[in-house]
Amino acid sequence: MEIINQLDEHGQQLFRQFQKLRPQLEEIESEAYSLLQHALREQGIYVTAIEHRMKTEKSLAGKLERKGWKYKSIDDITDLVGLRVITFYNDEVDKVAMIAKGIFDIDWHESVDKRKLHDLDSFGYNSLHYVCRLKSGGPRFELQMRTALQHVWSTIEHDTGYKGDVKIPREYVRQFSRLAGMMELIDEEFSRLRLALTDYRRQTLSLVKSGQLDDVPLSRESFRNYLELKPFDRLNKRIAAVNQAEIFPVTLMPFLPVLEKFNLETLGQVQRFIDENSDDAYQLALTQLAVTDIDIFSSNIALQNLCLVYVLKHGGGHQGLKEFYDIINGEQETNNMLADIMMEKAETLRFMQERNKKD
């Protein structure tokens, strides 16, 4: 009982009320956390962390010793149970707040949006604070919502003792203020950039679906959207029909660096790459399948043969084929052997024979 002995009579009374209330507070902590976690998952909102805790006796005693006179009863202390949601972006703080309004009763008189206080050196404290109560009733608890950068900054302030009792020299206050301003700007810019990228993805997807492929730069995102149109299906099915084979789906994203190496800069150029090389790619596939009874192919067979034909048409020869296999398979000795085999198979193709005649 050493902790309680340091308190005055009123503080001791509040402390005993807390001890009596502890089992109910533990239930509130668990239920509030569970409700919030489930609601965020249901809405598809992914956050950095959801923290929850119940105030320790030592922490409460310190608070009561400093300012116990402010509280008439233990119910006036709203942070006996605390939850904190740390989001990636600013706009997600507001989304979490909307969800909290739906699952908890909010005490608007006690709640505060510290983001609107605009203190230059208080970036880490620019959180949104709600004082809540479960819909079923019971003691109140606090819910704090902030971004990851705000959380990091708050931790730094705490670690350096910037918000402690010791008066900080003006030069250090100025440095903290400058850094706080920079961090707030970075936080806002990350949110702005995220919105810009989201708009770009939507515009790209719209252009792809409308067939305006020449207006879409080739990138990881645009190529992924382009693949949703199944641009290689026709050639895949044509090749599979040789042996009445099934097509096993695999990702085609590893071929993006190959297309970029071919200096294809737009999806329109990728489409022309397909149109101009499909017949030769089919003929190349025939040289590989004519004497086999393979009855299942990976869905990359069309794109692979298109790339092989493109390399040979553009004079890449054995070295070009090896470089292609190095990109797709990773550098390994067998790629040299694969290039040898493919050079031999390709010799029967019309464009290769025509080139050999010219040479």
Exercise for the section: For the pair Glu51 (side chain) and Leu83 (backbone), establish whether a donor and an acceptor sit closer than 3.5 Å, ignoring hydrogens and angles. Expected result: no
Exercise for the section: Decide yes or no for Thr266 and Leu218: does some side-chain heavy atom of the first lie under 4.5 Å from some side-chain heavy atom of the second? Expected result: no
Handout entry: Close side-chain approach of Cys132 to Ile106, heavy-atom, < 4.5 Å
Key = yes
Handout entry: Asp340 with Lys322: basic N within carboxylate O range, under 4.0 Å
Key = no
Problem - Same cluster (ILVMFWY, side-chain, under 4.5 Å), Phe88 and Ile186 - result: yes
Practice task
Side-chain contact test, heavy atoms from C-beta onward, threshold under 4.5 Å: evaluate it for Ile86 versus Ile50 and give yes or no.
Solution key: no
Exercise for the section: Please determine if Lys135 forms a cation-pi arrangement with Phe104, meaning its NZ or CZ atom is less than 6.0 Å from the six-membered ring centre and no more than 45° off the ring axis. Expected result: no
Handout entry: Test item: side-chain donor near acceptor, Glu221 and Ser219, under 3.5 Å
Key = no
Exercise for the section: Using atom types as modelled and distance alone, determine if a side-chain donor or acceptor of Arg133 lies under 3.5 Å from a backbone N or O of Gly138. Expected result: yes
Practice task
Identify whether Trp108 and Ile99 are in the same connected component of the hydrophobic contact network (ILVMFWY, side-chain heavy atoms under 4.5 Å).
Solution key: yes
Handout entry: His151 side chain vs Thr48 backbone, donor-acceptor pair below 3.5 Å
Key = no
Practice task
Start with the C-alpha gap between Gln17 and Asp75, add the side-chain angles, then the distance that decides, and say whether side chain to side chain donor-acceptor pair (under 3.5 Å) holds.
Solution key: CA-CA 9 Å; Gln17 290 176 9; Asp75 293 330; over 6 Å; no
Exercise for the section: Check whether the side chains of Gln288 and Asn305 place a donor and an acceptor atom closer than 3.5 Å, and report yes or no. Expected result: yes
Practice task
Applying side chain to side chain donor-acceptor pair (under 3.5 Å), run through Asp187 and Thr147 and close with a yes or a no.
Solution key: CA-CA 8 Å; Asp187 217 15; Thr147 68; 2.7 Å; yes
Problem - Lys63/Asp79 salt bridge by N-O under 4.0 Å criterion - result: yes
Fill in the blank from the handout: Nearest heavy-atom contact between Phe273 and Leu303 is CE2-CD1, 4.0 Å
Practice task
Kindly say whether Arg234 contributes a backbone atom to a donor-acceptor pair with the side chain of Arg238 at under 3.5 angstrom?
Solution key: no
Exercise for the section: Look at the side chain of Ser298 and the backbone N and O of Phe248, then say whether any donor-acceptor pair between them is shorter than 3.5 Å. Expected result: no
Practice task
Could you grab the distance from atom CG of Leu149 to atom CZ of Phe190, nearest 0.5 Å is fine?
Solution key: 6.5 Å
Handout entry: Over all atoms of both residues, closest heavy-atom pair of Thr348 and Gln353
Key = O-NE2, 3.4 Å
Exercise for the section: Compare every heavy atom of Pro257 with every heavy atom of Ile327, then report the nearest pair and how far apart it is. Expected result: CG2-CB, 4.0 Å
Handout entry: ILVMFWY network linking Val131 to Leu80, side-chain heavy atoms under 4.5 angstrom
Key = no
Problem - Exercise: identify the closest heavy-atom pair between Leu14 and Gly68 - result: CD1-O, 3.9 Å
Exercise for the section: Using atom types as modelled and distance alone, determine if a side-chain donor or acceptor of Ser34 lies under 3.5 Å from a backbone N or O of Ser30. Expected result: no
Problem - pair Asp215-Gln212: side-chain heavy atoms closer than 4.5 Å - result: yes
Fill in the blank from the handout: Residues Phe141 and Ile28: closest non-hydrogen pair is CD2-CG2, 3.7 Å
Practice task
Would you check if Ile239 and Leu289 make a side-chain contact, meaning some heavy-atom pair closer than 4.5 Å?
Solution key: yes
Handout entry: Heavy-atom donor-acceptor pair, Gln269 side chain to Glu265 backbone, under 3.5 Å
Key = yes
Exercise for the section: Under the side chain to side chain donor-acceptor pair (under 3.5 Å) rule, what do Tyr33 and Glu29 come out as? Steps first, then yes or no, please. Expected result: CA-CA 6 Å; Tyr33 170 73; Glu29 177 192 1; over 6 Å; no
Problem - Flag, side chain of Gln319 to backbone of Gly316, donor-acceptor distance under 3.5 Å - result: no
Handout entry: Backbone of Ala302 reached by a side-chain donor or acceptor of Asn236 within 3.5 Å
Key = yes
Exercise for the section: Would you confirm whether Asp76, through its side chain, and Ser73, through its main-chain N or O, come within 3.5 Å as a donor-acceptor pair? Expected result: yes
Practice task
Would you tell me whether Tyr226 and Gln271 have side-chain atoms, one donor and one acceptor, within less than 3.5 Å of each other?
Solution key: yes
Practice task
Report the C-alpha separation of Lys95 and Gln43 in whole Å, then their side-chain angles, then the decisive distance to 0.1 Å, and conclude whether the side-chain contact (heavy atoms from CB on, under 4.5 Å) test is met.
Solution key: CA-CA 9 Å; Lys95 291 178 182 178; Gln43 294 298 318; over 6 Å; no
Practice task
Indicate yes or no: does Asp280 engage Lys313 in a salt bridge with an N to O separation below 4.0 Å.
Solution key: yes
Fill in the blank from the handout: Output for pair (Met145 CE, Leu36 CG), nearest 0.5 Å, gives 8.5 Å
Problem - ILVMFWY cluster, Ile328 and Phe262 together (side-chain gap under 4.5 Å) - result: yes
Exercise for the section: Tell me, yes or no, whether the heavy-atom count around His38 atom NE2, taken from other residues, nucleotides or ligands under 6.0 Å, exceeds 12. Expected result: no
Exercise for the section: Assess whether atom CE of Met182 is packed by more than 12 heavy atoms of other residues, nucleotides or ligands within 6.0 Å. Expected result: no
Problem - 4.5 Å side-chain heavy-atom contact, Lys209 and Asn225 - result: no
Problem - Pairing of Glu57 and Arg22 as salt bridge, 4.0 angstrom limit - result: yes
Exercise for the section: Taking all heavy atoms of Tyr310 and all of Asn277, pick out the closest pair and write down the distance. Expected result: CD1-ND2, 4.0 Å
Practice task
List the steps, then state whether side chain to side chain donor-acceptor pair (under 3.5 Å) holds for Asp295 with Asn243.
Solution key: CA-CA 6 Å; Asp295 61 0; Asn243 287 0; over 6 Å; no
Exercise for the section: Treating Ile, Leu, Val, Met, Phe, Trp and Tyr as nodes and any side-chain heavy-atom pair under 4.5 angstrom as an edge, say whether Phe255 and Val250 lie in one connected cluster. Expected result: no
Completion exercise
So CZ of Phe18 and CE of Met54: to nearest 0.5 Å the spacing works out to 4.5 Å
